[in-house]
There are 2 protein chains.
Amino acid sequence: MNSDIKELLKKSQLSVTASREKILQLFLEQEGALAHGDIEKKAGEKFDRVTVYRTLQTFVEKGIIHTIPTSDNSIRYALCKDDCASGHHHDHHVHFVCNECNNTFCLDDVVTPTIKLPSGYSQEHIEVVVKGVCKHCS
Amino acid sequence: MNSDIKELLKKSQLSVTASREKILQLFLEQEGALAHGDIEKKAGEKFDRVTVYRTLQTFVEKGIIHTIPTSDNSIRYALCKDDCASGHHHDHHVHFVCNECNNTFCLDDVVTPTIKLPSGYSQEHIEVVVKGVCKHCS
DNA sequence: AGGATAAAAGCAACGCTGTTGCAAAAAATA
DNA sequence: TATTTTTTGCAACAGCGTTGCTTTTATCCT
Ligand SMILES: [Mn+2]
Ligand SMILES: [Mn+2]
Ligand SMILES: [Zn+2]
Ligand SMILES: [Zn+2]
């Protein structure tokens, strides 16, 4: 299990460091998404704030995690389960935010719909965030 | 035109003040959405930063403007053209972010689709943000 | 219109967030 | 193991967003 983490880092051409292992582990043992603040609370005593920022940024660039837009000035991050590669993400799934537990989940099996846009607009990417009550809270 | 602004404020049970008039005017003469920073640049020399924050917050509460989620820690705001009331918004349209001009637009005529969720999840609200090239830039 | 009352704006201060440059430490490489 | 490269931690900083309090402004009532 721990070697899985090392392997994933190496596969992404990243050197294996304690902070990267720890932060990646947090994502693996977490069902929902994590905001920067969450990670800092769970791993921040061990690592510097700046390291967390840089690690998240690196993971996004390498296609290990992806961002989820929010309406409250706090980006959330979640593991890419699709085959995202360095520089190019392929996460086309819907995200769910629970109004009860306030968790954010990737609905990996729910693909984003195609939207018919007015003429002149071209669609390159689409983000869908559904709010409601999650399966754990209902 | 200026009386329109006063009327809208009164209709929302808000006292008519210089800052509210000015900020509301900015939204009316703007096609796309505005971030807090934009408003501060355009009206910030006349009004305090705090006033801008409080005005935006009030406008959202009163159903005059709505927020648009982003992936870059900067909420954007746009006029509600639907019949949003105090406390309850009814904006069910798609938002568009242009990768060229970096503007955000409300596609008021494009309604958000219904998403089939896994069992256990209930849908209360849905946000759809499409990224691509807008009609002005294509 | 003028005064009383309620509401909003401005000010100051503060904590939190995210960034940058640089030196020290750790990991990869040979 | 020694060298090179990469990452981390530290310090400092700017900007964001919030809060309490005072002053100013708008509304309401006479
Ligand atoms: Mn996801
Ligand atoms: Mn809109
Ligand atoms: Zn929940
Ligand atoms: Zn454009």
Quiz question: going by heavy-atom distance under 3.5 Å, is there a donor-acceptor pair between the base of dG9(D) and the side chain of R49(A)?
no

By nearest-nucleotide position on DNA chain C, the 5'-leaning member of S15(B) and G37(A) is S15(B)

So, does T55(B) get its side chain near the phosphate of dA8(C), meaning an N or O under 4.0 Å from OP1 or OP2?
no

Between the base of dG9(D) and the side chain of R54(A), is there a donor and acceptor pair under 3.5 angstrom?
yes

Tell me which nucleotide among dA28(C), dG9(D), dT7(D) gets nearest to the side chain of V16(A).
dA28(C)

Side-chain donor or acceptor of R20(B) paired with backbone N/O of S15(B) under 3.5 Å:
yes

Length of the line joining K10(B):NZ and dT27(D):P, which is rounded to integer Å
7 Å

Taking for each residue the nucleotide of DNA chain D with the nearest heavy atom, is it T17(B) or V50(A) whose nucleotide lies nearer the 5' end?
V50(A)

Taking CD1 from I75(A) and C1' from dC16(C), how many angstroms apart are they, rounded to a whole number?
16 Å

Strictly distance-based, threshold 3.5 Å: is any side-chain N or O of N73(B) a donor or acceptor partner for the main-chain N or O of I75(A)?
yes

How long is the line joining CD of E21(B) and C1' of dT25(D), in whole Å?
13 Å

What integer distance in Å separates D48(B):CG from dT18(D):P?
14 Å

To the nearest angstrom, the NE2-C1' distance between H36(B) and dG17(D) comes to 8 Å

Considering just the side-chain nitrogens and oxygens of S19(A), establish if one lies under 4.0 Å of OP1 or OP2 belonging to dT8(D).
yes

Quick check against the 3.5 Å criterion: does S122(A) have a side-chain atom that pairs as donor or acceptor with the backbone of V133(B)?
yes

ring-ring contact (aromatic ring centres under 6.0 Å, His included) with H93(A): of H89(A), H95(A), H90(A), only one passes, and it is H95(A)

State whether N73(B) places a side-chain N or O below 4.0 Å from either non-bridging phosphate oxygen (OP1 or OP2) of dG18(C).
yes

Aromatic plane relationship, H92(A) with H125(A) - under 30° parallel, 30 to 60° tilted, over 60° perpendicular:
tilted

Whole angstrom is fine here: how far is it from CZ in R20(A) over to C1' in dT6(D)?
8 Å

Can you tell me the distance, in whole Å, between the CG atom of L56(B) and the C1' atom of dG17(D)?
12 Å

Rounded to whole Å, please give me the gap between CZ in F47(A) and P in dA25(C).
17 Å

